[in-house]
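Worksheet: the structure to be examined is printed underneath.
So that the names make sense, note that chain A is the first sequence line, chain B the second, and so on, each numbered from 1.
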Number of protein chains: 2
Amino acid sequence: MGIKDVARLAGVSPTTVSRVLNNSAKVHPDTREAVLRAIKESGYRPNQIARSLRLRRFRSIGLIVPDISNEFFATIAQAIEDELQKEGYNLFLCNTGEDRQRERKYIKALLDKFVDGIIFVSAGFDESLDLFQDEIPVVAVDRKPNMEGVSFIDSANYEGGYLATKHLISNGCRRILMIRDEREVRPMKARFEGYKQCLKDYNIEYDEELVAWVPVDRTAVREYLLKVNGLLEFDGIFAGNDVMAISAAHTLLKLGYQVPEQIQIVGFDNITEGAYFVPGITTIAQQTEALGRRSAQVLLELIKDPERGPIIEELPVALIKRGSTR
Amino acid sequence: MGIKDVARLAGVSPTTVSRVLNNSAKVHPDTREAVLRAIKESGYRPNQIARSLRLRRFRSIGLIVPDISNEFFATIAQAIEDELQKEGYNLFLCNTGEDRQRERKYIKALLDKFVDGIIFVSAGFDESLDLFQDEIPVVAVDRKPNMEGVSFIDSANYEGGYLATKHLISNGCRRILMIRDEREVRPMKARFEGYKQCLKDYNIEYDEELVAWVPVDRTAVREYLLKVNGLLEFDGIFAGNDVMAISAAHTLLKLGYQVPEQIQIVGFDNITEGAYFVPGITTIAQQTEALGRRSAQVLLELIKDPERGPIIEELPVALIKRGSTR
DNA sequence: GCTTTTCATGTTAACGATTTCATTCTGTGA
DNA sequence: TCACAGAATGAAATCGTTAACATGAAAAGC
């Protein structure tokens, strides 16, 4: 039962049915009603594939994320999906596992399926981007592309790093260990810069020894702390994200340290787990959901108006004080 | 640059190009090579939409989940996506937020977009299912549909409930509080049955007072425990999932109880957070990733062989002992 | 040497919508 | 009454593939 059958049923041409369906031209009220009735009677549903072949757009958008089992990305995905669904768009989920190869493969697949746009939280990013040179609207989230002219939404990571460090300093910490992602990913870099600037502003000397470059991985953090235990002195930890902060707290508690009495800890992201850990993890909260929501909205705007220039937004962060700091 | 252009470039007909592309018929080696060269030269990529219009399938599958920000579902989604991607399928993510209305809407949208199959972790399920009567292969995961003839993958929830309860009993618990989802969702029901049977087998009287029917929600669990604090006596908790177990542990610790000395706790699912909570949460581990992987594999099988009858599998569970029990 | 297979390829009609252009009909002003 | 504008509708081309059928040449069987 295609559009032709509906047309026959209503005693009109397929063209007219299409016009009723899309409100693309004036149709006589009586005719319109007849068509509507025919549609209802036949239970007709337009074939989206056929429609897309003609229009070269598929009412779908692609989301490329490094790791959907990470609460941060999952929350972003959820918000995006929710926002898109309101406008009748569907979402292709592409999980790269931080694998560049796979990222490129996904971009091609998405373009072949004529998605209307792509939201990108990249693993590597820089090179991948040239794959969709102007073919299609793109919004980058969280990780900034090394490229002009791309819309980008992220949080105030630099300010967050500064804020976290300042909180520890004003709580009396003087030797603050920064645990950071070993990779030079933008948000992490910004947090690190914030940390360094804050130390400077408060006349605390930056000590390279007090920076742990580790994979973003609970085990890696534990191993690092076990390795330096007894050898490295510190009274505060600023972890690049909550997962690392929690692993650090977990390890230190097991080693018999007291948190926050001996060592204070601040994380980043405000994941649920941090609030339920005992003691609660003080953290820099990103507006994670808003991050997703905005990126979806921005993408839809770009789709509606392809001439629009790139949109760049930075969402504020806030310190959430919990038991892991004094 | 469509298939026609490639054909012209190679000096053959579009049909031949199609044949080379899909290996759908014999082509002379020389011709094949010429076509391949033309494809390479022109950078031609087949239009998947046009292809799908013809084939009535889109090399995509739909995943309907209640809540992607929940680690359990996210892990399943990740495994599914990984498995599908290997076979060149893409995944539509549909997050229902346990909303039945939305679920129905999604099913329609997915059918309109000619997905090749659907993986379903339902909110309500029973009624929704009739929406795709035989139109398309479906696999249900975790929550069993009230319907014959549907493929279904889940964990041994009954055994898990039994195992958890037995562990508490053999650790000396006699008054075991079961905290369960207030809704009559299948997996939860099975865990509850396992709990009851185990009590029976060990001659412990089943006490209705010791069953907390609450929404699956951290706050709800806390509020419940605060409400019964001092009024209800128990020495063990079997929580229907780890999120509730963690919330319970968190609340009890804040109230000054000692875990596991005074109250022992067992959860379900083995989420990461449980391992890093202090004390670690003893839990019944589901093979969450395998759950996702298998359901994807089963769906692909059903797609390849539509005549195949329903496939039903139950994956084993295992107790993981941690600090929250003795 | 002639008919019959087999192989390699091409022609053409779908798939189901949208859109350009053409057509018919009604009503208005000269 | 005629010309013309404007409204409502339809016919046919198009989007880029695939598949059923047709064709012609070469190989095989008698």
Just the atom pairs and distances: protein N or O near nucleotides 10-12 of chain D's N or O, under 3.5 Å.
residue	atom	partner	partner atom	Å
D/dG10	OP2	A/Ser13	N	2.8
D/dG10	OP2	A/Ser13	OG	3.1
D/dG10	OP2	A/Thr16	OG1	2.7
D/dG10	N7	A/Arg19	NH2	2.8
D/dA11	N6	A/Thr15	OG1	3.1

For A/Tyr44, report the nucleic acid contact type (base, sugar-phosphate, nothing); a contact means any heavy atom under 4.0 Å.
sugar-phosphate

Which residues pass the side chain to side chain donor-acceptor pair (under 3.5 Å) test with A/Glu87, sequence neighbours left out?
none

From CG of B/Leu53 across to C1' of D/dC15 the rounded distance in Å is 9 Å

Roughly how bent is the helix from C/dG1-D/dC30 to C/dA30-D/dT1 end to end, in steps of 10 degrees, with each end axis from five pairs?
60°

How long is the span from the CD1 atom in B/Ile119 to the CG atom in B/Leu63, to the nearest 0.5 Å?
6.0 Å

Can you tell me the distance, in whole Å, between the CD atom of B/Gln48 and the C1' atom of D/dT18?
13 Å

Are more than 12 heavy atoms, taken from residues, nucleotides or ligands other than B/Lys86, located less than 6.0 Å from that residue's NZ atom?
yes

Send over the distance from B/Asp30 CG to D/dA26 P, rounded to a whole Å.
15 Å

Atom CG of A/Leu55 and atom P of D/dG16: how far apart are they, to the nearest Å?
13 Å

Does A/Arg56 make a side-chain N or O approach to OP1 or OP2 of D/dC15 shorter than 4.0 Å?
no

Spacing between B/Asn47 atom CG and D/dC15 atom P, to the nearest angstrom:
11 Å

Name all residues meeting the side chain to side chain donor-acceptor pair (under 3.5 Å) criterion together with A/Glu41; count only those two or more places apart in sequence or in a different chain, and write none if there are none.
none

I want to confirm an ordering. Mapping B/Val27 and B/Arg54 to their closest nucleotides on DNA chain C, which one lands closer to the 5' end?
B/Val27

Which pairs with one or both residues in residues 56-95 of chain A pass ring-ring contact (aromatic ring centres under 6.0 Å, His included), sequence neighbours excluded?
A/Phe58-B/Phe58, A/Phe92-B/Phe92

Partner of A/Ile153 under side chain to side chain contact (heavy atoms under 4.5 Å, CB included), picked from A/Val139, A/Asp142, A/Ile76, is A/Val139

Can you list everything that forms a ring-ring contact (aromatic ring centres under 6.0 Å, His included) with B/Phe114? Sequence neighbours excluded, please.
none

Using atom CG of B/Asn22 as one end and atom P of D/dA19 as the other, report the distance to the nearest whole Å.
7 Å

From the 5' end of DNA chain C to its 3' end, which nucleotides mark the outer limits of contact with chain A, defined by a 4.0 Å heavy-atom distance cut-off (strictly under)?
C/dG16 to C/dT19

Please determine whether side chain to side chain contact (heavy atoms under 4.5 Å, CB included) holds for the pair A/Leu110 and A/Cys94, giving the CA-CA distance in whole Å, both sets of side-chain angles, and the decisive distance to 0.1 Å.
CA-CA 9 Å; A/Leu110 290 172; A/Cys94 305; 4.0 Å; yes

If you count every heavy atom of other residues, nucleotides or ligands that lies below 6.0 Å from B/Gln101 atom CD, does the total exceed 12?
no

Going by heavy atoms closer than 4.0 Å, what residues in residues 2-9 of chain B are next to DNA chain D?
B/Gly2, B/Ile3

For A/Asp82, check salt bridge (charged side-chain N to carboxylate O under 4.0 Å, His left out) against everything at least two apart and list the hits.
A/Arg293, B/Arg102

Can you list everything that forms a side chain to side chain donor-acceptor pair (under 3.5 Å) with B/Glu33? Sequence neighbours excluded, please.
none

Starting from P on D/dT17, measure out to CZ on B/Arg59 and report it in whole angstrom.
16 Å

In short, side chain to side chain donor-acceptor pair (under 3.5 Å) pairs touching residues 56-72 of chain B with sequence neighbours left out are A/Gln78-B/Asp67, A/Gln78-B/Ser69, A/Lys113-B/Ser60, B/Asp67-B/Ser69, B/Glu71-B/Thr272

Residues at least two apart in sequence or cross-chain that pass side chain to side chain donor-acceptor pair (under 3.5 Å) with B/Ser155, listed by chain then number, are B/Gln286

Pair B/Arg183 + B/Glu98, salt bridge at N-O below 4.0 Å:
yes

If you look at every strand shown and take non-hydrogen atoms under 4.0 Å, does B/Ile49 touch a base, only sugar-phosphate, or nothing?
nothing

